[in-house]
Amino acid sequence: QVQLVESGGALVQAGGSLRLSCAASGTIFSINVMAWYRQVPGKQRELVASMTSGGSTNYAESVKGRFTISRDNAKNTVYLQMNSLKPEDTAVYYCNADVMTLLLGAPSALLNYWGQGTQVTVSS
């Protein structure tokens, strides 16, 4: 099995910074795309940022220039550095990853996993 464990969510004032972390563990052969999504009540979950194993990144326009996604492939961990936070950034942030799992020591299926979410609250 594969688990994604997130941390770093907190209450912060507008203009402040937070760094989210998500570590993947389990029967992992490799991880393709890792991404951060966020969701507020009554709204669709939206992509915030993503990064491929090769280093290509993609950001939502609303966070471009303020957030930075990074990966430590050796640790199967993805980070989201959030600067200049705004109240509109308040949401539950979820880690997502496409994982090539192992079966009897060999690469098997490519499956998508979600973390449990971590709350980010930005006060005005």
Side-chain angles (χ1 to χ4, degrees):
Q1 65 182 52
V2 174
Q3 291 183 323
L4 304 180
V5 180
E6 297 153 308
S7 62
L11 172 65
V12 64
Q13 283 190 297
S17 297
L18 286 173
R19 184 177 174 86
L20 306 183
S21 299
C22 172
S25 62
T27 53
I28 298 169
F29 176 75
S30 63
I31 303 178
N32 185 9
V33 178
M34 299 190 82
W36 289 96
Y37 289 75
R38 66 187 181 187
Q39 188 170 30
V40 298
K43 301 282 286 185
Q44 289 272 2
R45 188 171 298 184
E46 66 171 346
L47 177 67
V48 177
S50 65
M51 177 175 275
T52 69
S53 59
S56 297
T57 59
N58 185 50
Y59 295 93
E61 288 296 323
S62 60
V63 307
K64 197 170 296 182
R66 299 188 297 122
F67 292 9
T68 303
I69 188 170
S70 61
R71 289 175 66 164
D72 185 339
N73 291 329
K75 295 182 178 180
N76 290 326
T77 300
V78 63
Y79 307 92
L80 186 67
Q81 179 66 47
M82 304 184 293
N83 298 325
S84 301
L85 283 162
K86 305 174 180 179
E88 304 91 89
D89 296 318
T90 295
V92 177
Y93 284 71
Y94 295 91
C95 179
N96 180 267
D98 290 323
V99 181
M100 180 68 75
T101 58
L102 287 169
L103 179 62
L104 300 176
S108 185
L110 182 65
L111 300 175
N112 186 258
Y113 293 88
W114 290 96
Q116 79 283 359
T118 185
Q119 177 70 49
V120 172
T121 303
V122 185
S123 62
S124 59

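Annotation: side chain of Val120 is in contact with side chain of Leu20 (closest heavy-atom distance under 4.5 Å). Residues Trp36 and Met82 have side chains not in contact (no heavy-atom distance under 4.5 Å, counting atoms from C-beta outward). Side-chain contact check for Val2 versus Leu111: every heavy-atom pair is 4.5 Å or farther apart.
Nearest approach of Ala35 to Leu47, heavy atoms of both residues: CB-CD1, 3.8 Å. Contact detail for Arg71 and Asn32: the closest heavy-atom pair is NH1-O, 2.6 Å. The two residues Lys43 and Gln39 make their nearest non-hydrogen contact at O-NE2, 3.2 Å. When all heavy atoms are compared, the tightest approach of Val48 to Phe67 is CG1-CD2, 3.6 Å. Nearest approach of Gln116 to Leu4, heavy atoms of both residues: OE1-O, 3.3 Å.
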Atom pairs and distances, donor-acceptor, side-chain atoms in residues 88-104, under 3.5 Å, two or more places apart:
unit_1	atom_1	unit_2	atom_2	d
Asp89	OD1	Arg38	NH1	2.9
Asp89	OD1	Arg66	NH2	3.0
Asp89	OD2	Arg66	NH1	2.7
Asp89	OD2	Arg66	NH2	3.4
Asp89	OD2	Lys86	N	2.8
Thr90	OG1	Pro87	O	3.0
Thr90	OG1	Val122	N	2.8
Thr90	OG1	Val122	O	3.4
Tyr93	OH	Arg38	NH1	2.9
Tyr93	OH	Asp89	O	2.7
Asn96	OD1	Asn112	ND2	2.9
Asn96	ND2	Asn112	OD1	2.8
Asn96	ND2	Tyr113	O	3.1
Asp98	OD1	Asn112	ND2	2.7
Thr101	OG1	Ala109	O	3.2

Between side-chain atoms of residues 8-19 and protein atoms elsewhere (two or more places apart, or another chain), which donor-acceptor pairs fall under 3.5 Å?
unit_1	atom_1	unit_2	atom_2	d
Ser17	OG	Asn83	OD1	2.9

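Rounded to the nearest 0.5 angstrom, Leu80 CG and Met34 CE are separated by 12.0 Å. With rounding to the nearest 0.5 Å, the separation of CD in Glu6 from OG1 in Thr77 is 11.5 Å. The structure places OG1 of Thr68 at 14.5 Å from OH of Tyr79, a figure rounded to the nearest 0.5 Å. Here the CD1 atom belonging to Ile69 is positioned 6.0 Å from the OG atom belonging to Ser50, to the nearest 0.5 angstrom.
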